[in-house]
Amino acid sequence: MVTVIRIVLMPLGLMVAFFGIGLDFLLPGASPGLNLPQLLIILAGLGISVVAYKLRRPAFRRRLKAGSRRSMISAALVTVITLLALELLLTVTGMSVYFERYERNYDFHLGGRQFCDAAGCRWNYEIVRDSCARGELSGRYCVANQQGYADDEDFVAGADSADRTRVLALGDSFTQGFSAEVGHSFVETFEARHPDVVVWNAGFSGSGTNQAVATFESLAPILRPDLTILGFYGNDFIDNLLPFQSMYEVEDPRGRQVYVRPFRFDAVDNVVPIDEATAIYLATHGVHPPENEIARLLGSARLGTLLLRLRDSIVEIGKADRRLARGVESTREYLRRLRELAASHDSALLVMLIPSLVDHLSATSEHYLTAIDLMEELGLSYIDLTDVVPNEGFAPLPDTHWNSEGHQKVGALLSDCLQVFIASGNLGDCEHVVMP
């Protein structure tokens, strides 16, 4: 029996110690270096391993047996006090629990302010117009034309458009212009600099390349764009694995509108729908609701939160790489389809690779490098914005979009590129553009 206990306790203690060492990877925003809670966890783990090691000595076992009752009570008291002290320390440091409690009611809609069809997703014009008139929405949310696209002019091929250069912008929230003041997004910036050019902004938050293909297929025969600009962000690889469908609209605890996809990946990476209750919980808590009462109790404490985050880290090992590989395969087909559609409508295609804040602050991410490789493999013209937007061109965290300054930097670059395209019909002379 003692041998079994020793065999179990020794690796368990080492696991606890390593858990303490790796705590920085489990706490969002934690700074490198050992702090007091970590040291206590490491010492507790090492203590368990030392006791397990000493159990192999007969003299230690005899002493332990002689005072077993008293030792068990002392050990229990020390364990309880240590756990309470750790919980208190983690609370003082401001660590949030896994399943936070919110005491307010949430505003919830399904497909109210937006809708999706064969042409992709966009605003429901009448509902958005009325919400803006009542003051429920403002700013970028109120930029919508009657077709529901993020443009202040309707998508109509006017009588004079045949004699003007026509540009169609596709993409997600960056293309839509989020976090820039109205009139200062990159699309609005180069449109203002070229009043003789017809510019249509069909970007919409949450869009992937799959939606861009559907939108182009619907609009191109009517608008006949000379140039199509696709904004491509790193999360498009995963977005392209999910169907585009009206999102759940939830007001989070800070009163902000949060849009949650009606799908998620399950434990084996299948795409499954989520119900309204799960969507609300996911939007307000940032995690899926507890699977059972034990998980709920664990996630209501700081120490339990660390265990659940450790579980998440273990479960995700290798999953991100496999999901990215699937996303690359899916994205490759959508980009190939968009390239063929653009060619069939005599529209030049330029992919604008959008780096994340991480790409600016540290080494270029795997998603961004993978996107570059994919563009070169498919022979697509792309523009590399890595060195274009400065760090101060990003909105304050947790927002990761460009602010007005960042948008205008990109808008100025595209404006110069558009001037070259109008003059020569060739994108090769544009700064930062890489041709196949």
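- Looking at Asp154 and Tyr125, their side chains never bring a donor and an acceptor atom within 3.5 Å of each other.
- A distance of 7.5 Å separates SG of Cys430 from CG of Leu350, quoted to the nearest 0.5 Å.
- Remark: Leu414 CG to Glu191 CD distance equals 12.5 Å, nearest 0.5 Å.
- Annotation: side chain of Leu230 is not in contact with side chain of Leu380 (no heavy-atom distance under 4.5 Å).
- For the residue pair Asp275 / Thr278, a side-chain donor-acceptor distance below 3.5 Å is found, with atom types taken as modelled.
- The shortest non-hydrogen separation linking Gly206 to Asp172 is N-CB, 4.1 Å.
- Put simply, the side chain of His184 does not reach to within 4.5 Å of the side chain of His407, judged on heavy atoms.
- Without hydrogens or angle criteria, Arg122 side chain to Gln147 main chain gives a donor-acceptor distance under 3.5 Å.
- In this structure, Asp117 and Phe244 approach most closely via the heavy-atom pair O-CE1, 3.3 Å.
- The CZ atom of Phe265 lies 9.5 Å from the CG atom of Asn270; values are rounded to the nearest 0.5 Å.
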Please determine whether side-chain contact (heavy atoms from CB on, under 4.5 Å) holds for the pair Leu298 and Thr305, giving the CA-CA distance in whole Å, both sets of side-chain angles, and the decisive distance to 0.1 Å.
CA-CA 6 Å; Leu298 278 174; Thr305 295; over 6 Å; no
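- Side-chain contact annotation: Asn240 with Thr331, donor-acceptor N/O pair under 3.5 Å present.
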Test side-chain contact (heavy atoms from CB on, under 4.5 Å) on Leu324 and Glu366 and set out the steps.
CA-CA 10 Å; Leu324 176 59; Glu366 181 183 4; 3.6 Å; yes
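- Residues Phe204 and Trp123 have side chains in contact (heavy-atom distance under 4.5 Å, counting atoms from C-beta outward).
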Are Val287 and Leu308 close enough, and set up right, to give a side-chain contact (heavy atoms from CB on, under 4.5 Å), and what steps lead you there?
CA-CA 11 Å; Val287 295; Leu308 291 176; over 6 Å; no
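- Ring centers of Phe178 and Tyr141: under 6.0 Å apart, within the cut-off.
- Ion pairing between a basic and an acidic side chain is recognised when a charged N comes within 4.0 Å of a carboxylate O; Arg113 and Glu136 show such pairing.
- Taking OG1 from Thr400 and CZ from Phe394, the interatomic distance works out to 8.0 Å, rounded to the nearest 0.5 Å.
- Remark: the Ser347 side chain and the Thr228 side chain contain an N/O donor-acceptor pair separated by less than 3.5 Å.
- Put simply, the side chain of Pro390 reaches to within 4.5 Å of the side chain of Glu405, judged on heavy atoms.
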Intermediate values then yes/no, ring pair (Phe, Tyr, Trp, His ring centres under 6.0 Å), Phe232 and Tyr368:
CA-CA 10 Å; Phe232 187 93; Tyr368 196 82; 9.2 Å; no
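- Taking the six-membered ring where the residue is Trp, the centroids of His401 and Phe174 are separated by under 6.0 Å.
- The pair Glu181-Arg140 does not count as a salt bridge, with every side-chain nitrogen at least 4.0 angstrom from each carboxylate oxygen.
- Listed for the Gln211 side chain is a donor-acceptor partner under 3.5 Å among the backbone atoms of Cys121.
- Interatomic distance, CG of Asn403 versus OG of Ser179, reported as 8.0 Å (0.5 Å rounding).
- No close placement of the His367 and Tyr233 rings is indicated, their centers lying 6.0 Å or farther apart.
- For the pair Val97 and Arg302, the minimum side-chain heavy-atom distance is below 4.5 Å.
- Residues Ser138 and Cys132 form no side-chain contact, since every pair of their non-hydrogen atoms from C-beta on lies 4.5 Å or further apart.
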Going through the distances and angles, do Arg264 and His288 end up as a side-chain contact (heavy atoms from CB on, under 4.5 Å)?
CA-CA 10 Å; Arg264 68 177 178 88; His288 289 280; 3.0 Å; yes
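- When the options Leu385, Ile372, Ile383, Val434 are evaluated for a side-chain contact (heavy atoms from CB on, under 4.5 Å) with Leu353, the one that passes is Ile372.
- Taking each heavy atom of Asn145 and Phe155 in turn, the nearest pair found is ND2-CD1, 3.2 Å.
- Aromatic ring centres of Tyr149 and Trp200: separated by at least 6.0 Å.
- Side-chain atoms of Gln176 and Ser173 form no donor-acceptor pair, as typed in the model, at a separation below 3.5 Å.
- Separating the CD1 atom in Ile229 from the CG atom in Leu349 is a distance of 9.5 Å, to the nearest 0.5 Å.
- One N or O on the side chain of Arg339 and one on the backbone of Leu378 form a donor-acceptor pair closer than 3.5 Å.
- Here the side chains of Glu377 and Arg332 are in contact, with some heavy-atom distance below 4.5 Å.
- The two residues Ala212 and Leu170 come nearest to each other via the heavy atoms O-CD1, 3.7 Å.
- The neighbour count for Glu333 CD, taken as heavy atoms of other residues, nucleotides or ligands under 6.0 Å away, is above 12.
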Any chance you could lay out the salt bridge (charged side-chain N to carboxylate O under 4.0 Å, His left out) test for Arg129 and Glu126, step after step, and finish with the verdict?
CA-CA 5 Å; Arg129 179 196 59 194; Glu126 289 77 13; 5.5 Å; no
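- Scanning both residues, Ser330 and Leu241, for their nearest heavy atoms gives CB-CD2, 4.0 Å.
- Within the 4.5 Å cutoff, no side-chain heavy atoms of Leu413 are placed close to those of Val410.
- A salt bridge is defined here as a Lys NZ or Arg NE, NH1 or NH2 lying under 4.0 Å from an Asp or Glu carboxylate O, and Arg326 with Glu329 fails to meet this definition.
- At a threshold of 4.0 Å, the pair Glu293-Arg296 counts as salt-bridged, since one of the basic side-chain nitrogens sits closer than that to a carboxylate oxygen.
- Across all non-hydrogen atoms, the minimal contact from Asp151 to Val199 is OD2-O, 3.5 Å.
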